[in-house]
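Since the structure comes first, as structure tokens, the remarks are kept for the end.
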Amino acid sequence: MKQLDEIRALMAQKGVNALIVPSVDPHGSEYVAEHWRERAFISAFTGSAGTAVITMDGGCVWTDSRYFLQAGEQLKTSGLMLQKDGEMGTPTIAEWLVKTFKKGDKGAINPEMMDINSFRAMEAELEEAGISFYTDFDFIDAVWKNRPAIPGSKTILLDERYSGESTDHKISRIREAMQKAKVNTLLLTDLGDVAWLYNMRGADIAYNPEIIAMAIVTTDDATLFTWQEKVTDEMRQYLGKAGVGIKDYYETYNVLKSLTKDNVIAIDPAKCNYALYKAIPEGVKTVEMGSPVFAIKCIKNEKELEGTFISMHRDGVALTRLFMWLEKEMEQNHTLTEISVSDKLRDLRREQGALDESFGTIAGYGPHGAIVHYEADEESNATLKPESFLLLDSGGQYMGEENGKPFAGTTDITRTVALGTPTEQMKVDYTLVLKGHLALGHQLFPYGTRGAQLDALARQFLWNYEMHYGHGTGHGVGHFLNCHEGPQSIRLNEVPAILQPGMIVSNEPGIYRAGVHGVRIENLVTVAEYENNVNEFAHFLHFRTLTLFPYDKQSIYVEMLTPDELAQINSYHTYVFRELSPLLNQEETEWLRNKCSKL
């Protein structure tokens, strides 16, 4: 590959022995715009996750199990070796570098592409082995001649009619948090944090309605850093009224360099890239802390919850039409594939007002359903048959008006359905997952509870059958923003964030039989006050379900259910039918009535 030859020539000029090229952008985004897909450019491996290490005579690419086959094929043209991340015996990047190079050698990375915590950890491990870290030259940019442009989407104003809170009020809340932390300057680099604070959305990132931007808030002023041509007149006027100035994106570095000893700046070392940190002059006090925006935006206000609930109705209509269509096509023996189902669902969501998907749809038939983060491509695209499960994990980004009422929201739902008559094993697996899903969704818990304290509720039935799943049970969800949002989560490992009223989180246990099938059932829920919630013992909360679509009744092993579980399913189905049926035509209503009838 020509670009590898050019990179190695530059490495020789700079005395660099190894160049590390991650799969991120300067904001640590989950999805990366084409402009920053540096690892794909340099290695020919196009999967979404992975890190390349280029050496003078070879190198490696680390990626996870989703991409082992793809990476193995694509890397043949580059001469780079695949490192199967997560498998026993696979070294970490730092371990491999320490083993491969000797004292006095030099590794390099673009410091924009690594957060402070990760940079420090790798630097410490390399320095202990006598290997230095070089950060003063952008090797990729120097050789990427036809590099895609910076994303050019325009800003979208999501004012308080949608967001429920004005930007100037949000800034005042952030300043209160800054005062408590004894800082007078705050750097925000997470795209979701910037979008939320300034009531600004866009389309720079796939699936996440964000603009490439940064922000600095002080006790006296607030600034948005982005490209001037991206800011619409409406957005500019709105921010001006809130006292927010607008500067060019790369001016962030100059503003940081101009800080004086009077500044006490807060940065989030898990989100801020190392290049920005390097720009802060010595002598300026830095306080490393979690972003106060991160902690505030996860608690949704009434307008955000209302918009999400309206979006759930739109989503339920789209899914009703999708599964009706699917059943008819299967009955007529028409050829359907994982991709054709995904495409159809995307179109149906758009008819309901979705501007985009909230992540790449996971449509896994049979064995593909056992691959947790599977996404079909032209090579893997399976034909659906009436023989196994279809696992469909999908979501939408909605924004619009309903009966003159502005709304916006993010959805995420997983349903697993048997395309033919389910086997005994299929029904057992499905029902065990459903029992855990119900147990978590109906649990009361006292204020102060963390997700890790509830996670086993969803796993208990699977554990009793000596089964387990490796992913978390629940992740936070944004408001017309990132589908994966923290700090709240429900997972085995400890996360200090407590579950608070207004948080939205997923409830999605699963089971995955490699080479056979997968089952996952997911609803989004919001943490809410429980009726008569305060007594002599505690202040109690519960989960209120937002998602509106029935479970797959034919896959339920009714004999495995308790009377309470049976009542919970029937109650949920009654609720789904009541909410969705007014939005459907007669044929759709009858179809849904059947799916929601009592077990």
Side-chain angles (χ1 to χ4, degrees), residues 31 46-49 64-74 206-207 315-352 354 356-397 411-423 425-426 429-430 483 508 510-522 549-552 554-555 588 591 595:
Y31 302 102
T46 58
S48 66
D64 61 52
S65 59
R66 291 174 292 169
Y67 298 112
F68 287 168
L69 293 176
Q70 178 183 342
E73 286 298 313
Q74 292 179 331
Y207 310 123
D315 225 41
V317 171
L319 285 160
T320 296
R321 292 173 178 166
L322 181 281
F323 280 104
M324 276 189 64
W325 168 83
L326 176 63
E327 286 186 4
K328 289 179 179 179
E329 293 292 299
M330 295 289 290
E331 288 170 1
Q332 296 172 22
N333 294 317
H334 292 168
T335 300
L336 293 178
T337 67
E338 294 165 335
I339 290 178
S340 66
V341 169
S342 298
D343 289 345
K344 180 68 173 181
L345 179 55
R346 183 175 60 249
D347 292 342
L348 290 168
R349 276 200 169 101
R350 285 175 176 164
E351 291 175 7
Q352 292 301 308
D356 195 2
E357 297 170 297
S358 58
F359 57 94
T361 295
I362 299 169
Y365 170 73
H368 288 167
I371 303 171
V372 176
H373 295 292
Y374 173 75
E375 189 168 351
D377 57 29
E378 292 299 333
E379 291 185 12
S380 69
N381 188 23
T383 298
L384 308 189
K385 300 177 181 179
E387 300 170 3
S388 188
F389 280 130
L390 172 67
L391 187 155
L392 188 63
D393 187 349
S394 65
Q397 298 284 8
T411 68
D412 179 7
I413 175 175
T414 307
R415 287 295 184 265
T416 304
V417 297
L419 297 185
T421 302
T423 64
Q425 184 67 75
M426 290 168 67
D429 287 353
Y430 186 93
C483 187
E508 50 179 313
I511 193 63
Y512 310 95
R513 293 187 180 275
V516 181
H517 62 239
V519 177
R520 186 162 63 252
I521 302 171
E522 176 188 18
F549 193 74
Y551 306 120
D552 186 37
Q554 68 170 333
S555 297
E588 294 161 351
W591 182 90
K595 299 299 179 182

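Here the shortest heavy-atom pairing between R520 and T414 reads O-CG2, 3.3 Å. The heavy-atom pair separating S555 from A418 by the smallest distance is OG-CB, 3.5 Å. Of all heavy-atom pairs spanning T411 and C483, the tightest one is O-SG, 4.4 Å. The minimum heavy-atom distance linking G316 with F549 is given by the pair O-CD1, 4.1 Å. When all heavy atoms are compared, the tightest approach of L390 to A363 is CD1-C, 4.3 Å. Among all heavy-atom pairs drawn from G396 and S358, the shortest one is N-OG, 3.4 Å.
Taking 4.5 Å as the limit, some side-chain heavy atom of I362 sits within range of a side-chain heavy atom of L391. Considering only heavy atoms from C-beta on, W325 comes within 4.5 Å of L336 through its side chain. Using a 4.5 Å cut-off on side-chain heavy atoms (C-beta onward), L419 and Y365 make contact. Side-chain atoms of M426 and D429, non-hydrogen and from C-beta on, never get closer than 4.5 Å to each other. With contacts defined as side-chain heavy-atom distances shorter than 4.5 Å, the pair V317/E351 does not qualify. You'll find the side chain of L326 reaches within 4.5 Å of the side chain of V341, heavy atoms only.
Looking only at distances, no side-chain donor or acceptor of Q554 sits under 3.5 Å from a matching main-chain atom of T421. Side-chain atoms of Y430 do not come within 3.5 Å of backbone N or O of F389 as any donor-acceptor pair. The closest donor-acceptor contact from the side chain of E522 to the backbone of D393 lies at 3.5 Å or more, if one exists at all.
Applying the side-chain hydrogen bond (donor to acceptor under 3.5 Å, both in side chains) test to every pair with at least one member in residues 381-391, sequence neighbours left out, gives these pairs: T337-N381. Identified under the salt bridge (Lys or Arg N to Asp or Glu O under 4.0 Å) test for residues 368-383, with sequence neighbours left out: none. Within the structure, salt bridge (Lys or Arg N to Asp or Glu O under 4.0 Å) pairs that include any residue of residues 322-341 comprise E327-K595, K328-E587 (at least two apart or interchain).
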Legend entry - Stepwise side chain to side chain contact (heavy atoms under 4.5 Å, CB included) test for T416 and D552: CA-CA 7 Å; T416 304; D552 186 37; over 6 Å; no
Legend entry - side chain to side chain contact (heavy atoms under 4.5 Å, CB included) between E357 and L345, intermediate numbers included: CA-CA 10 Å; E357 297 170 297; L345 179 55; over 6 Å; no
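The side-chain hydrogen bond (donor to acceptor under 3.5 Å, both in side chains) test with S394 is passed by exactly one of R346, R349, R415: R349.
Between atom OG1 of residue T320 and atom CG of residue D315 there is a gap of 10.0 Å, rounded to the nearest 0.5 Å. Note: Q397 CD to F359 CZ = 10.0 Å, rounded to the nearest 0.5 Å. With rounding to the nearest 0.5 Å, the separation of CZ in R321 from CD in Q352 is 5.0 Å.
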